[in-house]
Every structure is written in C-alpha cells, then in structure tokens.
> 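Would you mind keeping the following structure in view while I ask a few things?
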There are 2 protein chains.
Amino acid sequence: MSNERIEEYLETILYITKKNHGPARTSQIAEELKLSAPSVTEMVQKLSESEYIEYTPYYGVTLTEKGCTEALRIKRRHQLLETFLVDVLGADPVIAHKEACEMEHSISESTIEKMCAFMGHPDICPDGNPIGQGECCPTGPPGASYRDYVPLSELKEGEQGTIKVISLTSEIKDRLSSIGLIPDQDVRVKRKLGKGTLSITTMGTEVAVGNDIARKIMVQSRGV
Amino acid sequence: MSNERIEEYLETILYITKKNHGPARTSQIAEELKLSAPSVTEMVQKLSESEYIEYTPYYGVTLTEKGCTEALRIKRRHQLLETFLVDVLGADPVIAHKEACEMEHSISESTIEKMCAFMGHPDICPDGNPIGQGECCPTGPPGASYRDYVPLSELKEGEQGTIKVISLTSEIKDRLSSIGLIPDQDVRVKRKLGKGTLSITTMGTEVAVGNDIARKIMVQSRGV
DNA sequence: CTATATATTTAGGCAACCCTAAATTAATGC
DNA sequence: GCATTAATTTAGGGTTGCCTAAATATATAG
Ligand SMILES: [Fe+2]
Ligand SMILES: [Fe+2]
Ligand SMILES: [Fe+2]
Ligand SMILES: [Fe+2]
C-alpha cells in the first residue's frame, strides 16, 4: 500500500474511533473517505497484516498502540499545516483543510517541527480542536488552555487580560504589532464605545479597536 | 492520468527543453523522473492526446503554448514552496526541494499567492534560479529584489535601511515587534559593539541586538 | 422464532502506471 | 552503402486501489 493511503486510513480510523468510543465500522470509514464499502474492507484486511490496526470481520477496526501513535503524528501534521494556512497566510478555512489533508503526506517530521516553532508552538487549530504537543514544543506546564481564553470583545470595562492568540491575516497582525497588540502583551479595557468598539490601554498608550478585530483576539482574563 | 503525474511530467519536460534548446528526448525524461524509457513513451503518448505537449516518435517532446503556461505555473509553485521552506523555516535545502516537489501538487493557486505575498514576492529561489512573477506580484517597477536584501549584521556604522524579512520564531519576532523591529520599519546602525552586537536606533529609541538575531533580519540598505 | 431488512464481505473486473524483454528505427564508422 | 551500435518503441505483464453485483452474516419486527 502507498504510504499516503495508509496515512489517510489511519487518520480516518482515529477520528471515528474517538467519536464512537468504540471500533470504527467499515461503512463509516467508507463514508468518511468517500469510497465504497468493499474497497474499505479490502484495504482494512491488508492493513491488519501490518501492525497498525486490529480488524474483526462484521465488527470493526481499532488502532493498535503503534497505529495510534502514527495516526496522532499525522493528525498533528494536518493541524499544524491547517493552522499555518489559515492563521499565518489567511487562507479560506475550507480550502485550507483540504490542502492540509494532502500536504500532510509530503511534509517531513523535521520540517513540520520547524513550522511548529515558527508559529510559536500553537496548541489550537482554527478548526477548534486542540493540537497535541510535539518534540519541539516546550514540555513545561502547558499553561492555560485555549478553552479558558475569551475574545477581547467580551471583556468588561476595567477588566484586564493577556493577549494569547490573534487569528487574523498577517497583514492585520503586522499592523496590530506596530501598536503593541501582540501575544503575551497585557491589555486593559478602558472604555467600551458604541458598536462594540473598545478603547484599550497597552504599554501605557491608549488605542481603539473595532469589534471585528476584537472578536479575533483571544485573551486570558485576569479580572478587574 | 492523475493530475499529479501530468504535472510532474510537464515540469520535467519544461526543464529539459529549456536545457536542450530543443525537444526533450524520452530517455532524458526517464532519467530525470527515474523511470524506464518504455514507461515514459507510454505516458507521453497519452499526454499528447491532451493539448499540453507535441510528441513525434523517435524525435522527442515539446510543450504547446498551453502546456508551457501550465508548466510555468507548477514551477512557480515549486519554487515558492522551496523558498518558504528554506528561507522562512530554515529547512535543509535538499529536503526542502524534495518536499516542495510533492507539495506543489496539493497547494492551490490562491494559497500559493498568499504565500508569495507573505514572503514579499521573492524573485529568487534558494536553489539560485529566478522566480517568475505571479498575479499577486507588483507588476510595476519590481522594487528591490530579495537578492538585494542584506542581513542587518552586515550594515556598517551609520548605515540606514528598511527591515524586509525576519526569519525567526514567532516568539522572538513578538519580542522584536514590541521594541519596534518589524518589517518596513526604518533602522539605523548607531554603533557596532563587540562580538557582532549592534546598537541600532528605530523610531527614536535605541536598542541593542545580538549577532545571532541580526543575521536573521534582512534589510534593504539605503547607505549612510 | 422466523421473516425481512440492513450491514458487511466475497467475487470478479477495471484503469492508472509502472516494469522487462523483444522488435524496430535511427545514428555512426568504415 | 552497409554493418554495427545506440536509442526508442511495442508487446506482454504485474501491482495497487478502486468499483459493482452477488453472497452472506447480523439485526429487527412481528
Ligand atoms: Fe488527510
Ligand atoms: Fe512545537
Ligand atoms: Fe515536482
Ligand atoms: Fe507575488
């Protein structure tokens, strides 16, 4: 089997078994990969001769320890590529997902880690799912999870927080950096103006930010 | 034929016809793609039924107008990906070439243009070959080329320039933004200290930058 | 517990791409 | 110009990964 096909099956089986909390049925794999059921049965039979999956006829497919490790590696490649395409290049999320799902088979482990470092070891994919840590990632305490972050636009007057993630095109992000709005920067909402516009203070200076942008800046709140 | 295979043949035929200043022999294509000669003959016969190539038995293959346009598009995708992997992520040039040659079939035109813009529309690939202009590139007077950029560490005392590309992790870039070191910012080298450390002025303030970082900040010099 | 409906596998086949060995064409040296 | 050599194509075959139709196993409903 080609490496690309193996990877695509493993990725799909991981996704379905997690959703099922149980084995992946061949029909589910077929639907996900848009293939006929017999094609999946055939591939799954071959794959079970490798050490990646466990297959019981008329029952379903589960990943072995080895298969799970491999599937997680592929998923990570996919998510980091998708994050790069969407958050750094500003590509359309739907196109980015499809492209990431193809490029994930071409990019090496060493290159994906460089890309991870380049993006500051992100821990959340624009599709909303968490990204697992890799060899390159700081292994220390994983800090506050993305779940705890809140859009800047949600802060109340007087509330303070630390900018954590900015999901905007790099052009806009560059403009924001130039006025001090960058990750790990502390900000305070001074006043909320009309139409969702915020007046915030950062590094002593005061700037106004529109609602569109404020909704894309995730902060970790520290209260008033 | 699969799109990927077509693209790989077109890319190769473009390369060889340019080198030959004449048609590409099947044996040359076979050598370049590491295939047997009969396999290439077969594919080339099929391809000539499309409108991409002109094939004369026992003579060779040339690209049609349409095929040439398509081949140039693929080459551009390849070069921009390779430039990104090497110049931005710092990947090994040999690995980067191989990965770019696979990813080029997955990335869309719209995404590659975003990547081109992200890198400031580079016109030279790390492999040394020029990169053709795309839709996204400024068609006017082609400004300073990437070639003309020089590491900040190379500027002499008193020399001024504009920051163009910063090839560092986003963590370090974030720190740099907070002190005003961002693309399109003007800087001046005030004094060179020991060990390659620079004292530079930017936006009126004065900061010191170590040699490691200064070597990764490309600037367009404007002299003293 | 059976009859029917659904899910899954088996059987048989096909297209894309690649291969080696043999035949053919073109080039080269007297 | 003809024999030898080299390049190229044709013939015949193999693998992979997919398909549809038929057979079989499992689930569901009276
Ligand atoms: Fe994928
Ligand atoms: Fe990382
Ligand atoms: Fe390629
Ligand atoms: Fe461009």
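Quick note on labels: first sequence line is chain A, next is B, and so on, each numbered from 1.
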> Say whether A:Glu8 and A:His105, considering side chains only, have a donor N or O and an acceptor N or O under 3.5 Å apart.
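Note: A:Glu8 and A:His105 side chains meet the donor-acceptor criterion.
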> Taking only the side-chain nitrogens and oxygens of B:Gln45, find out if one of them lies under 4.0 Å from OP1 or OP2 of D:dT10.
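The answer is yes; a side-chain N or O of B:Gln45 sits under 4.0 Å from OP1 or OP2.
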> With under 30° as parallel and over 60° as perpendicular, where do the rings of A:Phe84 and B:Phe84 fit, or are they tilted in between?
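It falls in the tilted class, 30° to 60°.
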> Is there a side-chain polar atom (N or O) of B:Thr41 under 4.0 Å from OP1 or OP2 of D:dT8?
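Negative; the distance criterion is not met.
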> Let me know the distance between CD of B:Glu31 and C1' of D:dT8, rounded to the nearest Å.
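Result: 15 Å.
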> When the distance from CG of A:Leu35 to P of D:dT16 is rounded to whole Å, what number comes out?
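Between P of D:dT16 and CG of A:Leu35: 17 Å.
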> Identify, between A:Pro57 and A:Ser2, the residue whose nearest nucleotide on DNA chain D lies closer to the 5' end.
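Looking at DNA chain D, the more 5' nearest nucleotide goes with A:Ser2.
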> Atom CG of B:Leu33 to atom C1' of C:dC19: distance rounded to whole Å?
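After rounding, the gap between these two atoms is 15 Å.
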> Would you say the base of D:dC18 and the side-chain of A:Glu42 have a donor-acceptor pair closer than 3.5 Å?
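In this structure, the two groups form a donor-acceptor pair.
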> Under a 3.5 Å distance rule, please check whether A:Thr26 uses its side chain to pair with a backbone N or O of A:Ala37 as donor and acceptor.
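It does not hold such a pair.
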> Report yes or no: does A:Arg77 contribute a side-chain atom to a donor-acceptor pair with the main-chain N or O of A:Ile112 at less than 3.5 Å?
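No, the answer is negative, given that no donor and acceptor are paired below the 3.5 Å cut-off.
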> How long is the line joining CD of A:Glu8 and C1' of D:dG17, in whole Å?
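That distance rounds to 14 Å.
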> Check every atom of D:dG17, D:dT9, C:dT10 against the side chain of A:Pro38 and return the nucleotide holding the closest atom.
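Selected nucleotide: C:dT10.
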> Would you please confirm or rule out a distance under 4.0 Å between OP1 or OP2 of C:dT9 and any side-chain N or O of A:Thr26?
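Looking at the OP1 and OP2 atoms of C:dT9, one of them is under 4.0 Å from a side-chain N or O of A:Thr26.
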> Under 4.0 Å, heavy atoms only, any strand: does B:Ser39 hit a base, just the sugar-phosphate, or nothing?
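Touches a base.
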> Compare the minimum distances between each of C:dA7, C:dC18, C:dT20 and the side chain of B:Tyr9, then state the nucleotide with the smallest one.
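It is C:dC18.
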> Could you give the CE-to-P distance, from A:Met43 to C:dT10, as a whole number of Å?
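Interatomic distance, CE of A:Met43 to P of C:dT10: 16 Å.
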> Can you tell me if B:Tyr55 touches the phosphate of D:dT9, counting only side-chain N or O atoms and a distance under 4.0 Å to OP1 or OP2?
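Yes, such a contact exists.
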> Figure out the CD1/C1' separation between A:Ile29 and D:dC18, and round it to whole Å.
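That distance rounds to 16 Å.
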> Taking the side chain of A:Arg25 as heavy atoms from C-beta outward, which of D:dC19, C:dT8, C:dA16 is closest to it?
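For the A:Arg25 side chain, the nearest candidate turns out to be C:dT8.
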> Regarding A:Ser36, tell me which of base, sugar-phosphate or nothing describes its non-hydrogen contacts under 4.0 Å with the strands shown.
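Touches a base.
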> C:dA16, OP1 or OP2 - any side-chain N/O from B:Arg5 closer than 4.0 Å?
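Result: no.
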> Return the 5'-most residue of the pair A:Tyr58, A:Met1 with respect to DNA chain D, ranking by each residue's nearest nucleotide.
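Upstream on the strand: A:Met1.
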> Taking atom types as modelled and ignoring hydrogens, do the side chains of A:Glu99 and B:Ser108 form a donor-acceptor contact shorter than 3.5 angstrom?
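Indeed, the side chains of A:Glu99 and B:Ser108 share at least one donor-acceptor pair under 3.5 Å.
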> Write down the distance between CG (B:Leu47) and P (C:dC18), rounded to a whole number of angstrom.
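Value for this atom pair: 11 Å.
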